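For reference, the structure discussed in these notes is given below.
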Amino acid sequence: MENRTDDKNTILCRCEDLTREAILDCIRAGFCTIDEIKRVTRAGMGPCQGRTCRLLIAQELSSYYHIPMEEVLMPTFRPPTRPVSMGVLADAWKEGQSGAAENGGKGGTA
Amino acid sequence: MKREYEVIIIGGGIIGCATAFELAKRGITDILLIEKRYLTSGATGRCGAGIRQQWGSELNARLALESTHIFEHLEEYTGYGHSCGLHQGGYLLVAYTQKEWDQFQENLKVQHRLGIDSRALTPQEAKQIVPYLNTDGVYGATFCQKDGHADPFHCTQAYAQGAARMGVEFLTYTEVTGLQIQNGQIAGVETTKGPFSARIVLNCANVHAPELARMAGEEIPVTSERHQALVTEPVAPLIDCMVMAFSRSFYVQQTPHGSFVMGIGPREEPSFSFRSTWQFLEQNCAVMCEALPVLRKLNVVRQWAGQYDLSPDRNPIIDEAKQARGFYSICGFSGHGFMVGPRIAILMANHLAGKDDTMDIRMFSKKRYETGKLLLEPAVV
Ligand SMILES: Cc1cc2nc3c(=O)[nH]c(=O)nc-3n(C[C@H](O)[C@H](O)[C@H](O)COP(=O)(O)OP(=O)(O)OC[C@H]3O[C@@H](n4cnc5c(N)ncnc54)[C@H](O)[C@@H]3O)c2cc1C
């Protein structure tokens with residue numbers, strides 16, 4: 001099957017503006033897992049957290065190293081999966097704390 | 001495959017890679033570095049990579065100061081073709097209690113003796129540096145412009161590639177599973193890719209260093225403590241420096257990329273957990289938004305956890321195994337191993353190459369827990 005992302009300048013990671021060529025350079029330099037590529041290029045570290053590029057990078061690794069997709073290591077998916085504002089989270093903590101205080105619970109260490 | 005080396009280094013974090021580089025620079029190039037996963041896959045790749053010279057003990061202030069001098073030109077020092085991302089936006093240390101404020105005055109004396117350019121600030125002066133700082137409850141702050149942070153991946157790669165150019169070999173995705181010891185002397189290691197022999201083995205496995213040391217008959221009093229961190233979406237520049245407080249146990253900085261990286265340090269039971277928790281997420285946001293209300297509107301995009309290799313006095317241990325001479329453990333960095341890594345690597349390399357050093361490596365021995373000559377540090381998160 002023809003690879004859909006065969007153009008050098010195709011953007012693989014939209015959040016961090018990384019081209020397919022940039023990712024391929026990285027693979028050719030010897031980086032061989034999604035985690036490693038993420039750490040040197042920031043691919044998958046933007047607002048969408050790799051929802052688009054993870055699979056595309058996995059495809060590149062799979063075809064370069066001739067290994068099945070399932071074997072290309074998937075990085076851990078970390079919460080929160082949808083961006084939440086710090087203010088909302090801060091208020092949630094305070095609410096939880098005042099609830100806990102009423103129950104005689106102990107607060108944080110801060 | 002070559003099976004005999006002069007030196008084997010276990011662990012591809014900042015400590016292992018920097019030590020490989022410094023040894024090679026001193027002519028010891030017949031080295032194999034063995035890493036379980038990939039370079040920076042341990043604490044080095046999970047850390048805040050903050051670099052500060054504003055310490056309270058002369059030892060840490062010196063280690064950080066001399067390491068900073070290397071971070072300032074690490075690219076040329078190692079011949080690395082990419083920026084190592086050092087940004088010296090300064091550290092603002094905020095005191096929220098009188099006791100802490102008094103301690104800061106003592107710390108400044110130590111720093112000034114070493115020529116570190118730090119200074120005391122009133123809450124109003126602190127606000128000039130960080131206009132978004134909520135000064136309620138602030139007694140004062142200290143600031144050092146030369147503090148900052150660097151990119152831990154590129155710093156480690158810089159050392160590793162520099163070492164590789166001088167002949168050091170790297171074996172990744174390989175785990176050290178055992179040690180070979182003959183007549184009280186280390187002889188080599190067993191790995192998932194077979195045995196390798198060497199008369200010197202450096203245990204730079206961070207939180208896993210005690211397990212390896214135990215195979216050499218040594219108990220290293222280092223435990224693993226989970227520390228979580230989070231990052232927000234990138235926004236326009238708001239704060240140039242790191243903001244940190246010991247009594248409220250937080251640190252926060254905006255990266256050159258625009259995102260904010262932060263963490264709080266509640267004490268936890270020892271564990272090897274990499275799990276992220278909702279409790280951390282919410283409590284962290286509450287503490288941070290109190291100190292810097294401007295953060296309220298930022299979205300959190302990712303959260304992760306790493307481990308601190310805690311020693312009893314929260315300072316590094318460099319120790320040679322008594323029942324396996326030539327086997328050295330270099331660990332116990334207690335959450336500040338990145339910023340002192342360059343200097344520790346030099347100390348270790350000088351020792352092995354038989355070169356003089358202005359620091360005495362023996363003070364890092366774990367004997368100090370018996371003699372009581374602890375390396376005490378009043379300024380840690
Ligand atoms: C959340 C967090 C924030 C931090 N912030 C800062 C900061 O701002 N400034 C600072 O200076 N420090 C900070 N630190 C501390 C810093 O990350 C560490 O002190 C430093 O990275 C330690 O480097 P290392 O090379 O000793 O360990 P690591 O980077 O952990 O390297 C050890 C390596 O050994 C490998 N290994 C383990 N066992 C084996 C085995 N049996 N065989 C082969 N390989 C093995 C591991 O895979 C790992 O890659 C932070 C740490 C955390 C967790």
Side-chain angles (χ1 to χ4, degrees), chain A residues 13 15-18 22 25-27 29-51 54 61 65 67 71 73 75-100 105-110, chain B residues 37-41 45-46 82 96 151-154 156-157 161 170 172-173 230-234 245 247-250 257 259-260 262 264-268 274-305:
Chain A
C13 171
C15 302
E16 297 294 331
D17 209 13
L18 292 164
D25 278 346
C26 204
I27 295 176
F31 296 103
C32 60
T33 60
I34 299 183
D35 256 355
E36 287 170 76
I37 291 170
K38 166 177 146 183
R39 280 167 161 77
V40 291
T41 64
R42 297 194 48 87
M45 290 170 92
C48 99
Q49 291 293 292
R51 257 186 279 274
R54 219 151 27 125
L61 283 166
Y65 289 105
I67 40 175
E71 264 181 47
L73 299 172
T76 0
F77 205 47
R78 301 202 172 89
T81 49
R82 205 171 290 134
V84 188
S85 86
M86 288 188 61
V88 167
L89 292 161
D91 294 343
W93 173 256
K94 289 209 187 99
E95 273 165 37
Q97 284 308 96
S98 53
K106 269 186 76 182
T109 53
Chain B
R37 291 180 66 211
Y38 56 88
L39 303 184
T40 74
S41 62
R46 294 166 183 273
H82 192 283
Y96 287 101
D151 184 314
F153 313 116
H154 286 296
T156 309
Q157 284 293 335
Q161 291 180 19
F170 290 79
T172 53
Y173 296 99
L230 65 78
V231 60
T232 69
E233 64 194 343
S247 55
R248 294 195 183 177
S249 185
F250 73 73
H257 166 263
S259 54
F260 277 84
M262 62 191 81
I264 50 173
R267 296 265 69 84
E268 290 191 6
F274 279 117
R275 292 249 291 280
S276 297
T277 64
W278 278 101
Q279 200 215 25
F280 164 79
L281 184 62
E282 292 182 356
Q283 186 183 3
N284 171 86
C285 292
V287 171
M288 294 300 177
C289 293
E290 172 81 34
L292 293 159
V294 68
L295 297 176
R296 282 189 68 87
K297 58 179 192 288
L298 301 191
N299 284 324
V300 177
V301 295
R302 186 173 63 255
Q303 182 187 352
W304 69 94

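If you're wondering where the values come from, they're calculated on a predicted model, not measured in any experiment.
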(message) Can you tell me how far apart CG (Asp35(A)) and OH (Tyr38(B)) are? Round to the nearest 0.5 Å.
(response) 3.5 Å

(message) At a 4.5 Å cut-off on heavy atoms, which part of Gln157(B) comes close to chain A: side chain, backbone, both, or neither?
(response) side chain

(request) Check the pair Glu16(A), His257(B) against side chain to side chain contact (heavy atoms under 4.5 Å, CB included), reporting the backbone distance first and the verdict last. (result) CA-CA 10 Å; Glu16(A) 297 294 331; His257(B) 166 263; 3.2 Å; yes

(message) Out of Glu290(B), Gln279(B), His82(B), Lys297(B), return the one with the most heavy atom pairs under 4.5 angstrom to chain A.
(response) Gln279(B)

(request) Taking all heavy atoms of Gly87(A) and all of Cys289(B), pick out the closest pair and write down the distance. (result) N-SG, 4.3 Å

(message) Quick check for you: to the nearest 0.5 Å, what is the distance between Cys285(B) atom SG and Lys94(A) atom NZ?
(response) 10.5 Å

(message) Nearest 0.5 Å, please: how far is CZ in Phe31(A) from OG1 in Thr172(B)?
(response) 10.5 Å

(request) With a 4.5 Å cut-off on heavy-atom pairs, point out which of Pro152(B), Ser259(B), Gly45(B), Pro293(B) contacts chain A the most. (result) Gly45(B)

(request) Would you give the length of the straight line joining atom CZ of Arg42(A) to atom CG of Asp151(B), rounded to the nearest 0.5 angstrom? (result) 9.0 Å

(request) Give the minimum heavy-atom separation between His154(B) and Val40(A), together with the two atoms involved. (result) NE2-O, 3.7 Å

(request) Determine, stepwise, if the pair Glu36(A) / Phe153(B) fulfils side chain to side chain contact (heavy atoms under 4.5 Å, CB included). (result) CA-CA 9 Å; Glu36(A) 287 170 76; Phe153(B) 313 116; over 6 Å; no

(message) If I take atom CE from residue Met86(A) and atom CG from residue Leu230(B), how far apart are they, to the nearest 0.5 angstrom?
(response) 6.0 Å

(request) Can you measure from CD (Glu233(B)) to SG (Cys15(A)) and round to the nearest 0.5 angstrom? (result) 11.0 Å

(message) If we define contacts as heavy-atom pairs under 4.5 Å, which of Leu295(B), Thr232(B), Asn284(B) has the most with chain A?
(response) Leu295(B)

(request) Starting from the C-alpha separation in whole Å, work towards a yes-or-no answer on side chain to side chain contact (heavy atoms under 4.5 Å, CB included) for Leu89(A) and Gln283(B). (result) CA-CA 8 Å; Leu89(A) 292 161; Gln283(B) 186 183 3; over 6 Å; no

